[in-house]
Participant: 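Below: one structure in structure tokens.
Note on naming: letters A, B, ... go to the chains in the order of the sequence lines (proteins, then strands), and numbering restarts at 1 for each one.
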Protein chains: 2
Amino acid sequence: MADTLTPTALTLKDIAREAGVSLATVDRVLHNRPGVRPDTVRRVKEAIARNSFQPHVAAAELARGRARRFAFVMPSGPNPFMQQIEAYLGEMAAWLSARRLKVEMVATDVFEPAALAASLEALSGDYDGVAVVALDHPSVRAAINDLVDAGTKVVTLVSDVPSSRRHHYVGIDNIAAGRTAGALIGRLVGQRSGKVAIVAGSQGLRDHAERIFGFNQVMATEFPNLSVLPVLEGRDEDERSEQMLARLFGGHADIVGLYNVGAGTQGVAKALNDKALSETGRDKVVFVGHDVTALTRRLLLQGLMDAAISQNPGHEARAAVRVLLALARGEPILSEQEKIRIDIVMRDNLP
Amino acid sequence: MADTLTPTALTLKDIAREAGVSLATVDRVLHNRPGVRPDTVRRVKEAIARNSFQPHVAAAELARGRARRFAFVMPSGPNPFMQQIEAYLGEMAAWLSARRLKVEMVATDVFEPAALAASLEALSGDYDGVAVVALDHPSVRAAINDLVDAGTKVVTLVSDVPSSRRHHYVGIDNIAAGRTAGALIGRLVGQRSGKVAIVAGSQGLRDHAERIFGFNQVMATEFPNLSVLPVLEGRDEDERSEQMLARLFGGHADIVGLYNVGAGTQGVAKALNDKALSETGRDKVVFVGHDVTALTRRLLLQGLMDAAISQNPGHEARAAVRVLLALARGEPILSEQEKIRIDIVMRDNLP
DNA sequence: GGTGTTTTGAGGTACGCAACTCATTTTGAG
DNA sequence: CTCAAAATGAGTTGCGTACCTCAAAACACC
């Protein structure tokens with residue numbers, strides 16, 4: 001009837017007895033301290049494995065003494081998505097302090113590889129873990145590797161640097177996100193034929209480029225009725241995005257879909273709204289973008305926007321902290337838990 | 001630059017000094033033990049609040065000694081969704097044992113109020129917390145309230161009993177889920193007119209009834225081109241669902257959408273597939289259901305199913321454990337973290 | 001003022017582990 | 001076999017809290 005999922009708790013003392021060694025030796029093995037013969041190491045590890053022993057996290061944490069320090073390196077400037085991540089970290093304050101964890105924010109110009117690399121280098125030695133919204137650039141990669149070599153745990157957040165030796169990436173698969181956006185637009189457009197516009201910040205940004213790649217993939221293979229127009233690079237700026245888009249609408253009467261890859265949503269929405277006002281009775285342009293912010297929430301409720309591809313900033317913030325903590329403690333990571341899902345948000349499932 | 005989110009750590013000793021009392025008195029206040037004058041209680045609580053003191057969870061956990069026991073009361077029988085929840089709890093084994101938490105599964109006939117209530121009553125006193133997939137029935141409600149009165153923390157899982165005094169509900173808003181399903185079908189059907197079929201387990205099940213309610217709401221107000229057919233009650237059985245649906249397809253040539261509210265997916269898919277085979281060239285029926293299982297995953301990839309409304313069983317399992325733990329420890333609950341989102345899963349964002 | 005009761009202080013032990021010291025034993029090289 | 005180096009044992013201390021005991025102080029009541 002009642003089926004227990006957890007074995008009885010053992011302590012280090014039990015393991016020492018099992019392995020026929022002293023507590024000190026078990027401790028040395030457990031923390032990779034030198035001065036233990038390979039054969040003894042093996043015996044101890046076997047005893048640990050045989051009993052599937054887990055050190056009591058509470059006891060370990062208490063015995064450590066010093067608090068753990070984590071740094072979050074994030075872009076400076078008014079990016080609503082990043083502000084949300086910060087806000088969620090703030091909401092965790094009680095949770096963090098009950099565990100004696102210190103989390104600090106470090107703002108830096110994330111579009112400037114040298115500045116970002118310098119910010120990372122400056123953290124060396126002072127922190128147990130670092131989460132960074134990274135730029136995929138050789139100097140940034142080198143800075144990350146240096147941190148790792150110094151024993152600091154590093155996770156990349158939102159934007160990955162796969163070629164580095166970071167311990168973990170907390171964020172979505174952007175190619176799949178782009179595919180999802182494409183499938184949504186294709187399906188929501190329905191039977192109609194026409195053109196689809198894309199507005200991105202820059203194709204030089206890894207996540208934007210990946211999203212566009214996935215988007216085009218789906219469009220080409222599944223929706224022959226739709227043709228994709230060249231990507232507009234709005235630099236995530238409202239005005240620039242609006243102007244480029246307005247010009248595009250002027251030149252193409254048969255645009256049925258619009259994919260906004262990055263920010264600059266305010267401008268995109270304005271251009272789209274102006275178009276809608278001037279052409280009463282026509283079919284609506286299907287508009288899909290990214291992230292649930294105060295603005296996109298409003299646009300979804302108004303019906304101007306049809307869907308937002310979201311990556312739950314709260315989950316990302318918490319996952320980053322949990323992963324850093326697990327790495328620092330040497331605990332296994334609950335990969336299923338820390339995986340960031342691609343959320344499709346429409347008006348009726350707005351969180 | 002570096003902005004700390006967490007204050008410096010204090011200990012109970014500091015609070016005692018601050019309040020001008022002894023450690024013993026602080027301890028009495030903290031644990032609501034008797035024998036402290038109201039005025040002294042106030043002084044101590046003020047000192048705690050003034051310094052926003054948080055007991056060190058690790059120390060508290062270690063000092064407790066005994067392990068915490070949680071029970072998960074879930075339906076017996078081969079329900080894939082419930083099996084997934086169990087599987088995810090199994091994956092947490094290391095995490096649980098490192099925290100000296102014991103989680104036990106209790107299987108019971110969840111469709112039988114008396115049996116469920118008896119199972120719950122039997123747990124009284126033995127557990128620190130109970131998670132239960134509940135049935136909304138007076139005797140179940142009474143059993144839950146008895147547990148709560150006995151000091152056991154109770155969370156309802158997947159299916160709520162709002163009228164009880166359970167501490168928390170871990171699950172989705174099923175009305176919103178139904179609305180989401182409706183909006184999806186309406187949007188994916190596009191310009192076409194026609195009828196929409198609904199297959200549910202039973203309208204007596206609270207979650208099914210709520211989903212249907214939300215679904216009809218959206219259909220009535222937003223998609224005048226679609227008319228909803230009477231609900232088929234398939235009792236979550238494959239054969240019965242298939243037969244009822246096949247008959248319905250026979251009687252109505254213009255069905256353009258299908259909403260499967262519960263299980264019995266295998267039968268629903270078979271009926272739908274048979275229909276598709278017999279009518280080449282016709283427009284596809286838009287099919288939306290619930291939960292990502294091995295089966296729905298396959299149907300999504302095949303294109304027979306268009307979207308699944310999902311409630312991430314892994315997240316629900318973990319959230320239930322975390323909430324029970326936080327409740328038992330007296331910690332605040334990270335409501336944003338524990339909230340279960342309504343996921344829209346299509347082929348390209350299959351998790 | 002004396003009585004009994006309530007409130008408070010002081011102190012101890014235990015929890016399981018990290019991190020350290022120092023003495024002792026084992027090992028391997030010469 | 002000798003001796004230094006390496007490996008191991010034995011033990012201590014401290015982390016911050018829970019929980020307990022016992023004595024002292026403050027209080028209420030007559």
Participant: Any side-chain heavy atom of B/Leu120 within less than 4.5 Å of one from B/Val140?
Facilitator: yes
Participant: Taking atom C1' of C/dA18 as reference, at what distance in whole Å does atom CZ of A/Arg68 sit?
Facilitator: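 Atom CZ in A/Arg68 sits about 11 Å away from atom C1' in C/dA18.
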Participant: Can you build the contact string for nucleotides 15-29 of chain D? Use B for base contact, S for sugar-phosphate-only contact, and - for no protein heavy atom under 4.0 Å.
Facilitator: BBBSB-------S--
Participant: If the threshold is 4.0 Å, N to carboxylate O, is there a salt bridge linking B/Asp27 and B/Arg33?
Facilitator: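 Counted as a salt bridge, because a side-chain N and a carboxylate O are separated by less than 4.0 Å.
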Participant: Taking the side chain as every heavy atom from C-beta outward, state whether B/Glu338 and B/Val170 have any atom pair closer than 4.5 Å.
Facilitator: no
Participant: Find out whether A/Arg341 and A/Asn312 are in side-chain contact, i.e. whether some heavy atom of one side chain is under 4.5 Å from a heavy atom of the other.
Facilitator: no
Participant: Please tell me which of A/Glu61 and B/Val36 maps to the more 5' nucleotide of DNA chain C, matching each residue to the nucleotide holding its nearest heavy atom.
Facilitator: B/Val36
Participant: Could you state the atom-to-atom distance from CD1 of A/Ile48 to P of C/dC17 in whole Å?
Facilitator: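 Spelled out: CD1 on A/Ile48 to P on C/dC17 is 10 Å.
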Participant: Kindly compute the distance separating CZ (A/Phe72) from CE (A/Met82), expressed to the nearest 0.5 Å.
Facilitator: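 Those atoms lie 11.5 Å apart.
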Participant: Suppose we define a pair by two distances each less than 3.5 Å, Watson-Crick or G-U wobble; what does D/dA6 pair with here?
Facilitator: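 Partner of D/dA6: C/dT25.
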Participant: Quick one, which residues of residues 38-47 of chain B touch DNA chain C with a heavy atom under 4.0 Å?
Facilitator: B/Thr40
Participant: Please report the distance, rounded to the nearest Å, between CZ in A/Arg329 and P in C/dC17.
Facilitator: 14 Å
Participant: Does any part of the side chain of B/Ser164, heavy atoms only, come nearer than 4.5 Å to the side chain of B/Asp136, both counted from C-beta?
Facilitator: no
Participant: Taking the basic N atoms (NZ, or NE/NH1/NH2) and the acidic carboxylate oxygens, is any pair closer than 4.0 Å for A/Glu61 and A/Arg99?
Facilitator: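 The answer is no: the pair does not qualify as a salt bridge.
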Participant: When you check the phosphate oxygens OP1 and OP2 of D/dG9, does a side-chain N or O of A/Thr25 lie under 4.0 Å from one of them?
Facilitator: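 Yes, A/Thr25 has a side-chain N/O under 4.0 Å of OP1/OP2 on D/dG9.
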Participant: Do B/Tyr88 and A/Gln337 meet the criterion of a side-chain donor-acceptor pair at a distance under 3.5 Å?
Facilitator: no
